Amino acid sequence: MRIATWNVNSLKVRLPRVEEWLAYAQPDILCMQETKLADGAFPALAFAALGYDAAHCGQGQWNGVAILSRVGLDDVVAGFTDGSEDETTEARLLWATCGGVRVGSVYVPNGRMVGSEFYEAKLAWLERLRQHLVTGCDPSGSLVVCGDFNVAPDDRDVWDPTKLHGGTHVSPAEREAVAAMREWGLVDVFRQRYSEDRLYSWWDYRAGDFHQGRGLRIDLILATRVLADRLSWALIDRFARKGKLPSDHAPLLADFE
DNA sequence: ATGGTAGCGCTGCTA
């Protein structure tokens, strides 16, 4: 089973690239983030034509997460279900069961500046996600959390730790929030397979960062141990960051036997 | 050289 995740940065603009990528990458499941679409504008028919069922949680303009699957799509849940009022006001979380795997597509808040209210909200959001796992999920089951975490788990995942020190994505509190999910039972499957640095999934559009190798690895597939033990391959598809109208993120894919 | 681009949507915000 091939599971992939891709922050597409506007599905309206990126649909041709996503269709092209589905045709050659052939994922069984694709989690998308930053669709920037209302649910009514989600191009479900375009994906159905390629053999994928789809679920979408959107708000228009900002955010928006989706799951495509060609191995079944059931028990769809949008947003948190912990009883708070803002469950889907920001469309950042979507769950579905696909081919026996509980799949989460997540778009973690950016945080903007360390210490800002947005940064505090980011930490709270990550803790809320962990609480969802603790209260509603089984670490011995088959589950993946895929998406743009807006956190680079360690210094190997950033192009220059010195320059980025003090900013978001690399702060100890953010990294501890991701580590807490590993402690619950999730494995960063890309890092399980590759220990090298400079393997990034996002590059700023500005200043030629992609071509200069200035990126971050912030898109993750976190899998429970029973799945991670069956990992056969993983890849960040940097080719998809090239060419006409690319997203600023590359897709990440992982194969499970 | 302390810059720069992209998307949304129409002025400035978000990333």
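Hydrogens, waters and symmetry mates are skipped; everything else that's a heavy atom, side chains included, is used. Worth saying up front: this structure is predicted, and the values here are computed from it rather than measured. Order of the sequence lines sets the chain letters (A, B, ...), proteins ahead of strands, with each chain counted from 1.
For the C1' atoms, the distance linking B:dT2 with B:dG7 amounts to 25 Å, nearest Å. Comparing the same atom, C1', in B:dA15 and in B:dG4 gives a spacing of 14 Å after rounding to whole Å. One P atom belongs to B:dA1, the other to B:dA6, and the distance between them is 25 Å to the nearest Å. Nucleotides B:dT14 and B:dG9 have their P atoms positioned 14 Å apart, rounded to a whole Å.
The CD-P distance, from A:E34 to B:dT14, rounds to 13 Å in whole Å. Between the C1' atom of B:dC13 and the CZ atom of A:F118 lies a distance of 10 Å, rounded to the nearest Å. Whole-Å rounding puts the A:N110 CG to B:dA15 P distance at 5 Å. A straight line from CG of A:L11 to C1' of B:dA6 spans 16 Å, rounded to a whole angstrom. For the pair A:W202 CH2 and B:dA15 P, the computed distance is 12 Å after rounding to whole Å. Rounded to whole angstrom, the span from the CD atom of A:Q33 across to the C1' atom of B:dA15 amounts to 14 Å. One can place CZ of A:R214 at 12 Å from C1' of B:dT2, the figure rounded to the nearest angstrom. Between the CD atom of A:Q212 and the P atom of B:dA1 there is a distance of 18 Å, rounded to whole Å.
By the 4.0 Å N-to-carboxylate-O rule, A:R2 lies too far from A:D28 to be salt-bridged with it. The pair A:R102-A:D138 fails the salt-bridge criterion, with no side-chain N (NZ, NE, NH1 or NH2) lying under 4.0 Å from an Asp/Glu carboxylate O. A salt bridge is defined here as a Lys NZ or Arg NE, NH1 or NH2 lying under 4.0 Å from an Asp or Glu carboxylate O, and A:R175 with A:D157 fails to meet this definition.
Of the listed nucleotides (B:dA6, B:dC8, B:dA15), B:dA6 has the atom at the smallest distance from the side chain of A:R14. For A:A207, taking side-chain heavy atoms from C-beta onward, the closest of the listed nucleotides B:dG7, B:dT14, B:dG4 is B:dG4.
Along DNA chain B, the nucleotide nearest to A:Y205 and the one nearest to A:Y107 differ in position, and the one closer to the 5' end is contacted by A:Y205. If you find the closest nucleotide of DNA chain B to A:N9 and to A:P109, the one lying nearer the 5' end belongs to A:N9.
At B:dC8, one or more side-chain N or O atoms of A:S10 fall inside 4.0 Å of OP1 or OP2 (strictly under the cut-off).
The shortest heavy-atom contact between A:I29 and A:V71 is CG1-CG2, 4.0 Å.
Screening A:D148, A:D188, A:D154, A:D155 for a salt bridge (charged side-chain N to carboxylate O under 4.0 Å, His left out) with A:R217, the sole residue that qualifies is A:D188.
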